[in-house]
Amino acid sequence: MKEKEIEIKHVYKHYPVANKEVFTALADIDISFQKGELVSIVGESGSGKSTLMNLIGGLDSQFEGDIIVSGMNLRGQNDKALDKYRKNTVGFVFQSFNLIPHLSILDNVTIALTLSNVSEKEKVERATAILSKLGLEKQLKKKPNQLSGGQKQRVAIARALINDPDIILADEPTGALDSSTTLQILDIMKEIADEGKLVIMVTHSEKVAAISSRVVEISDGKIIRDEKNKKYKKAKVKKDKSLERAHKGEKQNLSIYSAIRLAFHNMWASKTKNLLMSFGVAISIVALVIMLSFGSGLNGYIDGVSNSFTNPNIVTIAKKGDDLLGAFVHKPFTPEEKLQLIDELNGALEKNEFDFRVTNENLKPGFSSITGMGITAGFKIEGVEMETENVSYIYTTPPYYSDANLVEGTLSGNDEIMLTPAVYGTMQRLTGEKDIVGKKVTLTVTMNGLEIVKNVTVSAVIDTAVIQSVLAAYIDYDYLKAICMEKGMAEEAFPQSEFYIDTDVDTAAFLNDYIRASENYSGSVEDGLTSMFSEMSSTISIALAIIACISLVVSAIMILVVLYISVSERTKEIGVLKSIGARRKDIRRIFTSESFLIGLLSGVVGIVLSLAIYGIFVAVLNAVLGFAPLSLKWWYFVLSLGLSVGISMLSGLYPSAKAARLDPVESLRRE
Ligand code: ADP
Ligand code: MG
């Protein structure tokens with residue numbers, strides 16, 4: 001008596017159908033098989049042949065009875081043991097070949113070894129040897145759809161043999177082939193059996209059955225015939241020892257490198273889809289990078305502006321104007337309003353336990369661009385009459401200005417004025433003279449109908465930065481007041497639209513915050529500009545952050561959908577991978593690698609796109625504003641890459657889990 005390779009004892013298989021009923025597909029199957037047999041299983045469609053094959057192959061462990069293969073009972077084995085069993089003990093051949101379309105012939109065959117993490121060299125050597133034996137040595141680099149049906153089935157046989165299994169299970173291997181190709185495949189099957197393996201083959205054709213060593217017929221889930229073929233001649237084949245695999249990988253599993261390589265092959269097969277998808281994700285990356293660049297760029301700009309114009313000891317107070325921010329067009333304070341301001345500030349100071357008190361003396365007056373005062377100014381320089389429009393505003397020099405605020409020259413005193421670059425430039429153009437500082441000009445100021453004409457010297461060009469292009473002249477408050485009073489103006493009539501308090505840093509900071517929060521007062525023009533920029537910066541940042549968030553969520557959903565569809569499309573492939581021993585973990589790893597690669601690709605596309613759009617923004621803003629408040633930091637790219645990989649892998653969790661959970665029998669049944 002020969003050693004029994006497979007012993008099947010009283011096996012029942014019930015499929016659950018609707019309403020808790022079951023369908024009995026196999027009933028009391030009792031049979032055993034030996035090594036070297038070429039068994040044909042015949043029977044009508046629906047008789048239970050595939051069901052039996054799936055049980056023997058360890059694809060389905062839900063049955064009653066015992067199936068003992070090489071001493072191991074398949075019933076009650078855990079997933080891990082069954083994965084190992086499929087990987088090392090059985091090899092499957094299917095009617096519809098079930099090759100993986102995006103892999104080459106060589107890779108289709110080596111995949112089973114890849115799952116055992118066998119070295120590249122050994123894999124290629126083994127696969128090439130087996131494929132050559134099957135006459136496919138010239139097809140290694142081709143893709144499955146470039147082969148004929150017979151060739152495809154030979155590739156599938158090579159894949160089944162690669163791990164040197166003891167048992168080959170072939171479910172209608174010739175069902176899709178013509179008769180001459182059928183004979184070729186049968187010859188191969190016979191040779192495999194004659195080498196000493198057990199080959200069990202489901203077939204419809206009695207002709208195929210006739211050349212097997214044994215025919216088993218199933219009808220309605222029962223064995224109704226089991227005949228040995230007395231005429232079967234076992235050929236003397238010398239077993240190719242080099243193809244034996246004595247030490248099959250015990251603990252070796254699909255490596256991360258191989259999973260990424262498999263994922264890459266699949267992504268490459270649908271590169272357009274993946275590239276388009278990564279563009280979608282890239283848009284969110286662009287929004288994110290531009291948002292961050294604007295945020296830090298504007299903040300940097302604001303810091304620059306406020307640092308160069310604000311003295312931390314000085315508090316500037318103006319009455320809120322009629323313009324949008326109430327910061328640029330100031331109205332004069334009446335004497336009552338001034339007293340009210342003093343009271344209010346002192347109240348706040350007292351309440352917050354500051355020692356400093358505002359008085360009529362330490363509240364220094366000034367003014368800037370007063371509306372409703374009928375103030376105009378003009379210059380006459382060395383015979384050139386300048387239009388009055390050439391100076392639109394008169395500002396008194398704020399006490400916090402220092403030499404740092406000058407492009408050239410010195411701060412003005414009596415009989416002197418300072419000009420903004422815009423006025424300076426106009427004067428240069430009109431006179432043809434380069435150097436205006438030091439020149440005598442005739443200043444004409446009209447204030448409340450009072451015309452004051454005065455010869456003054458240009459002492460400096462002021463670096464106003466924020467109001468470069470404003471046509472303005474700066475004069476000392478006391479000097480302007482003195483010349484107005486000289487002309488008969490009442491002291492009280494001279495406007496005070498700004499006040500400056502010079503105090504310690506802490507008190508100044510408190511008062512500045514108080515003024516900023518107040519409804520009636522605003523700070524200096526620079527302060528106004530600073531807060532306008534801050535507001536702009538945060539508006540732009542918030543808008544871009546919202547766009548970035550929405551598009552990140554949309555991208556995540558998009559990746560999820562694409563991967564989900566990919567899993568559905570590749571159900572069969574997943575079934576094949578499971579049939580050759582892929583564990584859930586391996587399947588999950590392949591799909592996770594794919595989402596990782598999608599994330600990586602998206603991140604890279606996103607970074608390239610961000611750089612391009614950043615460049616365009618900088619160019620456009622420089623052309624329009626003369627400056628571009630954007631700045632890139634290297635970590636934005638690290639963040640982008642991390643975020644796109646993270647989001648992509650997060651979106652891939654569900655599809656990968658779904659792929660890993662797929663039932664191999666169902667996936668293989670799928671048409
Ligand atoms: P065949 O001999 O054609 O390979 P199968 O083994 O595929 O037959 O199927 C045997 C019987 O079991 C058929 O009647 C089939 O409809 C039924 N069957 C197969 N799979 C399932 C399933 N998942 N659920 C319910 N019934 C099934
Ligand atoms: Mg079948």
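Counting convention: from 1, in listed order, for ligands and their atoms alike. Computed from a predicted structure; not experimentally measured.
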Asks: Identify, for atom 16 (O) of ligand 1, the protein heavy atom at the shortest distance, and state residue, atom and that distance.
Replies: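 I find the closest protein heavy atom is Phe23 CE2, 5.0 Å.
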Asks: Does Ser566 use its side chain to pair, donor to acceptor, with the backbone of Val562 at less than 3.5 Å?
Replies: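 Here the side-chain-to-backbone pair does not exist.
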Asks: Counting each atom of ligand 1 from 1 as listed, which ones have a heavy atom of Gly48 under 4.0 Å away?
Replies: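 In order of numbering, the contacting atoms are 1 (P), 2 (O), 6 (O), 8 (O), 10 (C).
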Asks: Can you report which non-hydrogen protein atom sits closest to atom 2 (O) of ligand 1, along with the distance?
Replies: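 Result: Lys49 N, 2.8 Å.
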Asks: Can you sort out which atoms of ligand 1 are near Thr51, meaning under 4.0 Å from one of its heavy atoms?
Replies: 5 (P), 6 (O), 9 (O), 10 (C)
Asks: Do NZ/NE/NH1/NH2 and the carboxylate oxygens of Asp663 and Lys578 come within less than 4.0 Å?
Replies: no
Asks: Mind checking whether the Mg ion (ligand 2) has an N, O or S of Ser45 under 2.8 Å?
Replies: no
Asks: So, does Gln153 use its side chain to make a donor-acceptor pair with the main chain of Pro173 at under 3.5 Å?
Replies: yes
Asks: So does Glu666 pair up with Arg669, basic N to acidic O under 4.0 Å?
Replies: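 No, no charged N to carboxylate O under 4.0 Å.
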Asks: Do His102 and Trp268 have side-chain heavy atoms sitting under 4.5 Å apart?
Replies: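 A side-chain contact under 4.5 Å is absent here.
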Asks: In terms of atom number and element, which parts of ligand 1 are under 4.0 angstrom from non-hydrogen atoms of Arg669?
Replies: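 So the atoms of ligand 1 that pass are 7 (O), 19 (C), 20 (N).
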Asks: Does any N or O of ligand 1 fall below 3.5 Å from an N or O anywhere on Gly46, backbone included?
Replies: yes
Asks: Please confirm whether Ser45 approaches ligand 1 to less than 4.0 Å, judged on its heavy atoms.
Replies: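 Contact present.
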Asks: Identify the closest protein heavy atom to atom 25 (C) of ligand 1: which residue and atom is it, and at what distance?
Replies: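 I find the closest protein heavy atom is Tyr15 CB, 3.3 Å.
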